[in-house]
There are 2 protein chains.
Amino acid sequence: MEDLKRGIPIPTIKRFPSYLRLLRQYLEEGKEMVSATTLAEELGLKPIQVRKDISCTGIEGKPKVGFIISYLIEAIVHTLGWDNATDAVLIGAGHLGSALARYEGFESYGLKIVAAFDIDKDKCGTKLGEVPVFPLESLKGYIKENHVNIGVVAVPAIQAQGIAELLVECGIVAIWNFAPKDLKLPENVVVQRTDLATSFAVLSAKVKRKIANDELSGEVDEW
Amino acid sequence: MEDLKRGIPIPTIKRFPSYLRLLRQYLEEGKEMVSATTLAEELGLKPIQVRKDISCTGIEGKPKVGFIISYLIEAIVHTLGWDNATDAVLIGAGHLGSALARYEGFESYGLKIVAAFDIDKDKCGTKLGEVPVFPLESLKGYIKENHVNIGVVAVPAIQAQGIAELLVECGIVAIWNFAPKDLKLPENVVVQRTDLATSFAVLSAKVKRKIANDELSGEVDEW
DNA sequence: TAGATTGTTAATCGATTAACAATC
DNA sequence: TAGATTGTTAATCGATTAACAATC
């Protein structure tokens, strides 16, 4: 019960997909069991951390051998709620939207982009891979009829806030935002960013730190 | 000195791009000063946190009024190392690679994708927006000649590890990985993922938590 | 001046890590 | 059995938040 309220730590949630990918690979290779030690080694984590993470799924292992791979996979998928496929609409059929619509990996997370919408009338009627593109005007009707509850935003920054508000108005409860803009929405709407700037900022900071440390330790490239 | 070794906290680094976007917008609107309170309000953060973050840039404010916007922008850009443009090569000219090559926002982070590389010979000789596509064989030569030190990986998961190793072999020191695969590389190589699965996992977890909480508090959609 | 905002020091909170007994 | 690995409890670490004096 306490678990429901606070839930699994976000850092743990973020590591789950990595475990999942590796476990699925092991399963394909015909393996049946794996130890936390091995997972840690392969993913550059500490064994204790892997054990703590796994304990969040409720799965128990056997001392000396480890965990049953198929059980772990099932438990992680269930913990993330990826066992029930969720339909999503995509807003924005530009280059990024197009790449997202065609991305095949979503299937394994239980996410299905069922339709795309764009203001550009020329794009309407076309398809992004398997995903049909409709005019933005038909968004509300589509969402209501098909009970979609996730919206993927891939429009230019200037339009993002407006589109997000439109989605909320249409009854969408969760928004996955790829536009470089921080959205201001009611608290009960779940928003998750995938922000290239944020990711690159971390890369930049790490590079800067590395350079600083290299210089401190007197490392040189050539001499 | 201590600062160099440990550096600015990663969570702070992650918030910098959001500050930056907002500050630049304010500057365009002709504003000159802004308080931490206003920034916090607009970004859904707490004022104390914004002040702590700003203190990492070394910028000092004036009680009652706040901070000089242009100084803040300059300081954040400098802190991130975005004041010196960095050249990067892109590996993989598929849909995602194409979207990345055409993305205009990189300019404001000091990142410039100067060339793309692909194994598919049909793609070579074409352009992704302004970015020319070359055969993978010419990667090593290009990197050496042009002193590129960032590699952006946008290839299928199965090829990611191999491509990353190739990049390291070519002398690349930082890799921005968009492939859904955890890379195993020497410690001195800086790796940053932009993993859709991770981002979607967080969204999924938040949705699950929200549903659980809504049920706990007895909220209903319709009755 | 009065009051809002800054900057700093201390308290709290949450995640990671360490230590170690339990177990196969 | 011996030794590797699990699971739990406690210690550490780092970031967030609170409290409050300084300041314009």
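Hydrogens, waters and symmetry mates play no part in the numbers below; they use all other heavy atoms, side chains included. Each chain gets a letter, A, B and so on, in the order its sequence line appears, and its residues count up from 1.
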- Task: Provide, to the nearest angstrom, the distance between the CG atom belonging to L45(A) and the P atom belonging to dA18(C).
- Result: 14 Å
- Task: Identify which nucleotide among dT6(D), dA15(D), dC24(D) has an atom closest to any side-chain atom of T37(A), counting heavy atoms from C-beta outward.
- Result: dT6(D)
- Whole-Å distance separating the NZ atom of K46(B) from the P atom of dT6(C): 17 Å
- Is any side-chain N of the basic residue among E107(A) and K112(A) closer than 4.0 Å to the acidic one's carboxylate O? no
- Message: What's the closest nucleotide to the side chain of I48(A) if the choices are dA18(C), dA15(C), dG7(C)?
- Response: dA18(C)
- Item | Carboxylate-amine/guanidinium contact D53(A) R15(A), below 4.0 Å | yes
- Hey, which of these two, T12(A) or I59(B), hits DNA chain C nearer its 5' end, going by closest nucleotide? I59(B)
- How are the rings of Y103(B) and F106(B) set to each other: parallel, tilted or perpendicular (split at 30° and 60°)? perpendicular
- Message: Of the listed nucleotides (dA18(C), dT16(C), dC24(D)), which one gets closest to any side-chain atom of P63(B)?
- Response: dC24(D)
- Query: Over how many whole Å does the gap from E41(A) atom CD to dT5(D) atom P extend?
  - Reply: 11 Å
- With both distances under 3.5 Å as the test, what is the Watson-Crick or G-U wobble partner of dT8(C)? dA19(D)
- Message: If I compare all heavy atoms of A101(B) with all of L90(B), which pair ends up nearest, and what's the gap?
- Response: CB-CD2, 4.0 Å
- Query: Which nucleotide, in any strand shown, forms a Watson-Crick or G-U wobble pair with dG3(C), with both distances under 3.5 Å?
  - Reply: dC24(D)
- Query: I13(B) CD1 to dG14(D) P: how many Å, rounded?
  - Reply: 16 Å
- Task: Decide if atom CD of E74(B) counts as having more than 12 heavy atoms of other residues, nucleotides or ligands within a radius under 6.0 Å.
- Result: no
- Item | Whole-Å distance separating the NZ atom of K64(B) from the P atom of dG3(C) | 10 Å
- Task: Would you indicate which nucleotide in dT6(C), dG3(D), dT16(D) comes nearest to any side-chain atom of F67(B)?
- Result: dT6(C)
- Side chains of Q161(B) and K181(B): is there a donor and an acceptor less than 3.5 Å apart? no
- Message: Output the rounded distance in Å from CD1 (I54(B)) to C1' (dT5(C)).
- Response: 12 Å
- Note on the structure: Separation of dG14(C) atom C1' from I8(A) atom CD1, nearest Å, is 15 Å
- Item | Interatomic distance where CD belongs to E60(A) and P belongs to dC24(C) [whole Å] | 10 Å
- Query: Looking at the side chain of K52(A), which of dT17(D), dT17(C), dT6(C) is the nearest nucleotide?
  - Reply: dT17(C)
- Given dA15(C), dA15(D), dA10(D), which nucleotide is nearest the side-chain atoms of P11(B)? dA15(D)
- For dG14(C), which nucleotide is its Watson-Crick or G-U wobble mate, given both distances must be under 3.5 Å? dC13(D)
- Task: Looking only at side-chain atoms of Q49(B), point me to the closest of dC24(D), dT17(C), dT16(D).
- Result: dT16(D)
- Item | Candidate nucleotides dA15(C), dT6(C), dT6(D), ranked by approach to the side chain of A36(A) - the nearest | dT6(D)
- Item | Under 4.0 angstrom between R15(B) side-chain N/O and dA15(D) OP1 or OP2 | no
- Message: The side chain of S35(A) is closest to which nucleotide in this list: dT5(D), dC24(C), dT16(D)?
- Response: dT5(D)
- Item | Given dG7(D), dT16(C), dT6(C), the nucleotide with the shortest approach to the side chain of R51(B) | dT6(C)
